[in-house]
Amino acid sequence: MASPAVPVDLSPLSMRFRPLARFPQLFGGLLLYGASLALMVRGDLGLSPWSVLDQGIAERLGISMGTSSALVGAAVLLAWLPLRQRPGVGTVANVLLIAVSVDATLAVLPTVDDLVLRSVLLVSGVVLNALATATYVGARLGPGPRDGLMTGLHARTGWSVRLVRTSIEVCVLVAGWSLGGTAGLGTVLYATAIGPLTQASLRFTAVRAKKDLCP
């Protein structure tokens with residue numbers, strides 16, 4: 001009989017704890033995260049719910065997807081105020097670096113018409129997104145704006161994390177799709193695969209302090 005999975009502690013750690021390892025991990029993970037979103041955009045088979053919203057806003061306002069992502073991230077941070085959430089260095093870096101990485105990757109990655117290649121881009125994007133998420137979250141330098149919104153609502157309402165996350169992402173997906181964002185097979189694949197893939201990756205990326213190793 002398989003042993004139960006050991007929970008991974010992702011609570012923020014002091015910035016003074018192993019900064020030379022954790023800051024590059026944070027920044028690298030965020031840059032890879034932005035690149036993964038760009039891969040899914042070029043796949044054009046459906047995006048993650050938040051990316052659907054970012055793309056929809058970008059098309060309506062005539063701005064880049066990275067700029068749209070930064071604007072949405074900043075708006076979500078304002079929603080932290082009544083939830084009494086405290087941003088960390090990882091929160092601010094999340095808003096800025098993902099936006100830069102999305103636009104930079106889209107600038108060098110051409111549009112693809114072949115369905116097989118688009119499918120490869122989609123799957124590669126989802127897998128890279130999970131690894132990138134585990135990498136930057138595992139650095140434990142503060143949650144991203146969207147992650148903090150989820151945990152803040154969970155703390156304030158008492159609703160389960162699953163219910164809160166599902167409710168947020170359904171609302172975001174509907175709003176983004178109504179604005180012209182791309183939802184499709186890729187959206188379903190992302191929703192079903194991102195959790196297990198991220199959890200598996202966290203086993204290797206999460207920074208552990210001495211207190212985490214104590215029985």
Side-chain angles (χ1 to χ4, degrees), residues 8-17 19 22-23 25-27 29-31 33-34 36-37 47-103 129 132-181 190-191 194-195 198 202 206-207 209:
V8 179
D9 186 359
L10 297 176
S11 58
L13 293 170
S14 169
M15 290 188 292
R16 292 175 292 181
F17 178 74
R22 293 169 62 218
F23 276 88
Q25 178 176 333
L26 169 69
F27 298 149
L30 291 173
L31 292 174
Y33 189 94
S36 73
L37 298 182
L47 305 172
S48 69
W50 283 103
S51 292
V52 173
L53 178 61
D54 293 340
Q55 188 184 56
I57 292 174
E59 292 184 358
R60 289 298 180 114
L61 297 182
I63 58 178
S64 71
M65 188 166 173
T67 301
S68 176
S69 173
L71 291 175
V72 171
V76 172
L77 277 179
L78 293 178
W80 281 31
L81 296 177
L83 299 176
R84 299 176 184 175
Q85 292 285 91
R86 294 183 179 180
V89 64
T91 310
V92 179
N94 185 291
V95 174
L96 299 177
L97 292 184
I98 289 177
V100 170
S101 180
V102 170
D103 283 347
N129 189 274
T133 299
T135 299
Y136 85 75
V137 170
R140 298 174 66 176
L141 283 163
R146 299 155 185 82
D147 302 319
L149 177 63
M150 176 188 70
T151 56
L153 285 172
H154 163 66
R156 296 286 287 177
T157 64
W159 298 345
S160 69
V161 170
R162 178 181 300 178
L163 175 60
V164 171
R165 175 166 181 169
T166 301
S167 300
I168 291 174
E169 297 207 351
V170 167
C171 292
V172 166
L173 176 60
V174 171
W177 179 78
S178 67
L179 291 172
Y190 184 92
I194 195 64
T198 301
L202 278 169
V207 173

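Below, all heavy atoms of this structure are taken into account, side chains as well, without hydrogens, waters or symmetry copies.
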| field | Listed once per pair and sorted, the side-chain hydrogen bond (donor to acceptor under 3.5 Å, both in side chains) pairs that draw on residues 169-180, sequence neighbours left out | value |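 Every pair satisfying side-chain hydrogen bond (donor to acceptor under 3.5 Å, both in side chains) with a residue in residues 169-180: R165-E169.
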| request: Mind listing the closest non-hydrogen atom pair of L26 and G90 along with its distance? | output: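 Between these two residues, the closest heavy atoms are CD2-CA, 3.8 Å.
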Check: [Y] main-chain N/O paired with [X] side-chain donor or acceptor under 3.5 Å:
X    : Y    : result
R146 : W50  : no
T135 : G29  : no
R140 : A206 : no

| said: Q25: which residues meet the side-chain hydrogen bond (donor to acceptor under 3.5 Å, both in side chains) condition with it, sequence neighbours left out? | reply: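 If we apply the side-chain hydrogen bond (donor to acceptor under 3.5 Å, both in side chains) test to Q25, skipping adjacent residues, there are no hits.
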| task | Taking side-chain hydrogen bond (donor to acceptor under 3.5 Å, both in side chains) as the test, write out the residues that go with Y190, two or more places apart. | result |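 Partners of Y190 under the side-chain hydrogen bond (donor to acceptor under 3.5 Å, both in side chains) test: N129.
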For [X], enumerate each residue passing the side chain to side chain contact (heavy atoms under 4.5 Å, CB included) test, keeping only those at least two apart in sequence or located in another chain.
X    : value
T157 : W159, V164
L179 : L53, I57, R60
V89  : M15, F23, L141
R156 : L83, R84

| task | Output, in order, the C-alpha distance, side-chain angles, deciding distance and verdict of side-chain contact (heavy atoms from CB on, under 4.5 Å) for Y33 and V137. | result | CA-CA 11 Å; Y33 189 94; V137 170; over 6 Å; no
Table please: side-chain donor-acceptor pairs of residues 61-81 below 3.5 Å, with sequence neighbours left out.
from : atom 1 : to   : atom 2 : distance (Å)
S64  : OG     : T67  : N      : 3.1
S64  : OG     : T67  : OG1    : 2.8
S64  : OG     : D103 : OD1    : 3.4
S64  : OG     : D103 : OD2    : 2.7
S68  : OG     : D54  : O      : 2.7
W80  : NE1    : P145 : O      : 3.0

Mind checking the [atom1]-[atom2] spacing from [X] to [Y]? Nearest 0.5 Å is all I need.
X    : Y    : atom1 : atom2 : answer
L163 : M150 : CG    : CE    : 12.0 Å
S36  : I98  : OG    : CD1   : 8.0 Å
L30  : Y136 : CG    : OH    : 6.5 Å
L96  : T91  : CG    : OG1   : 11.0 Å

| Among L173, I168, T166, V172, whose side-chain contact (heavy atoms from CB on, under 4.5 Å) with V170 holds? |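 Passing option: T166.
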